[in-house]
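Take a look at the structure set out below.
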2 protein chains.
Amino acid sequence: MSLHEVPLSAPKCGDCPIRHRAVCARCEADELAALDAIKYYRSFEAGQTLIWSGDRMDFVASVVTGVATLTQVLEDGRTQAVGLLFPSDFVGRPGRDTAPYNVIATTDLLMCCFRKKPFEELMGRTPHIGQRLLEMTLDELDAAREWMLILGRKTAREKIASLLAIVGRREASLHRRAPQGRIVFDLPLTREAMADYLGLTLETVSRQISALKRDGVIELSGKRHITIPDFDRLMEEAGDDADGGLVG
Amino acid sequence: MSLHEVPLSAPKCGDCPIRHRAVCARCEADELAALDAIKYYRSFEAGQTLIWSGDRMDFVASVVTGVATLTQVLEDGRTQAVGLLFPSDFVGRPGRDTAPYNVIATTDLLMCCFRKKPFEELMGRTPHIGQRLLEMTLDELDAAREWMLILGRKTAREKIASLLAIVGRREASLHRRAPQGRIVFDLPLTREAMADYLGLTLETVSRQISALKRDGVIELSGKRHITIPDFDRLMEEAGDDADGGLVG
DNA sequence: CGATAAATTGAACTCCGTCAAACCTAGTGG
DNA sequence: CCACTAGGTTTGACGGAGTTCAATTTATCG
């Protein structure tokens, strides 16, 4: 663990911004109290690696605020991101004790953690947790399969448009709005992180973003602040039909 | 449903070849009896599409024998396979009623089906089913993420080697053997299906298979019967380290 | 304002896709 | 029994989308 890590005191679950979407979403008051008793918060800075692939994992956690990525790396250094974690997303697998991926904070990050053993025990006598975790895992599986289509069959321009659509959609859903018309958000990823997601080089990412800007599909202020003037137009550029390919 | 579909009488679960690996793996005798009561078998011929994306799905099922693929298709026809289903793998999601993918039999196929409603009810009062389904879904998620690395970062040659390694490993595990040394199996996929998996064209698949044959990494009799003289050599060609990248 | 990482842009190259033709191989029917 | 067919597969030649290597510009934070 890095020196930058800052333990925090734990606010009550009732006030939690991810209460209704996280692994605890279905829990009753008493179940929540049990979780409350074993939870602790940790924060990380943008760029930090929280977990290294192969490390012993003795906790599981939910993202409270910020964004993180899961990445896999080949021996020669080629890197592929395989998961994009937004607030309410879950990290770690009950029953497994070494991490299969690197987990990297791409923005400042606050995590709600549970030591694995107590969490597993609690899960054993709290079906609501397992049920919610199954739901979330099925959603992640759908998202992973959507990525497989993007990685395998889309052009560089479509890949960028797809990523912007996915990020825009998730940012919108954090504010409980449907993504349509004009969307404004901050990209939580560097060009390199985007490249790692899309199976591209950072140069190609940069070129395609410039092209989308030139063509009026997106507007940029600074490098990270993005405006989508017309979300449907972006969806067309992504190669999906207008009603959106992403499930969940 | 096609005319080729053949309903079969249902053997007892006790004799079932996937009894110990499928969604029913953790069930006790009484739970198994409940499943037995609502199950029915269906068989399909190689090449048949069992389920079309967007179709109403009123059943879930386990693969008993044979292999099937899940595919996604863009409007312009570009196709990406997003799942490879071997015996014991599960199709369908409790709580969802339209299919998100095409499901295609790539060999003759026998499925053990459950109408969705009774299955969901049974799942509600049988934690062992939900627990096993969570386990299997987490394994599928790991497999999907392994595919993301293959699709995003591997060369055509590495992709072919990876696919052969994955198929060889699964075939070996059907016979409860660890994959090492000399492996022999039949490819359950056409060149086109392989291309759809790997984000390649069938021409590139063909060329790379010829190259691997030329280099002694694989041997072919006919188009489908494959011999891997040295599994470790194949793993090297796949770009993974020798102990294997695939989780689960 | 100046330093340093991130991003953009350019030019040459390469791996894989595209288009086209030939080649197997397992059935079919004469 | 063998010619014929059709789907699947192999091979070739060429072109292009994206990579690689390199130089420059921009942003951000002391």
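Values below: every heavy atom of this structure, side chains too, minus hydrogens, waters and symmetry copies. In what follows, every chain begins at residue 1, and chains take the letters A, B, ... in the order their sequences are listed. Every value quoted in this text rests on a predicted model; they were computed, and no experiment measured them.
B:Lys159 places its NZ atom 9 Å from the C1' atom of C:dC16, with the value rounded to the nearest Å. With rounding to whole Å, B:Asp76 atom CG is found 11 Å from C:dT18 atom P. In this structure, CG of B:Leu220 is placed 11 Å from P of D:dT9, rounded to the nearest angstrom. What separates CD of A:Glu192 from P of C:dA5 is a distance of 13 Å, to the nearest Å. Distance, B:Ile160 CD1 to D:dT10 P: 10 Å, rounded to whole Å. One can place CG of B:Leu198 at 18 Å from P of C:dC15, the figure rounded to the nearest angstrom.
Contact between A:Asp108 and A:Ala46 at its shortest, heavy atoms only, is OD1-N, 2.8 Å. Nearest approach of B:Glu219 to B:Pro229, heavy atoms of both residues: OE2-CG, 3.4 Å. Across all their heavy atoms, A:Ser162 and A:Ile150 have their closest contact at CB-CD1, 3.7 Å. Smallest separation of non-hydrogen atoms from A:Leu74 and B:Lys154: CD2-CE, 4.1 Å. When all heavy atoms are compared, the tightest approach of B:Glu75 to A:Gly239 is OE1-O, 3.0 Å. Closest approach of B:Thr204 and B:Ala156 over heavy atoms only: CG2-CB, 3.7 Å.
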Would you tabulate the nitrogen or oxygen pairs shorter than 3.5 Å linking the protein to nucleotides 23-29 of chain D?
none

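At distances below 3.5 Å, at least one donor-acceptor pair connects side-chain atoms of B:Thr106 with backbone N or O atoms of B:Pro188.
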(request) Would you sort out whether A:Arg233 and A:Glu237 count as a salt bridge (Lys or Arg N to Asp or Glu O under 4.0 Å), showing the intermediate values? (result) CA-CA 6 Å; A:Arg233 172 77 196 286; A:Glu237 292 287 353; 3.1 Å; yes
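Across residues 200-211 of chain B, B:Leu200, B:Thr201, B:Glu203, B:Thr204, B:Arg207 each have a non-hydrogen atom less than 4.0 Å from an atom of DNA chain C (numbered order).
Mapped onto DNA chain D by nearest heavy atom, B:Arg153 and B:Leu189 fall at different nucleotides, with B:Leu189 at the one closer to the 5' end.
A:Gly47 comes within 4.0 angstrom of no nucleic acid atom, judged by non-hydrogen atoms across all strands.
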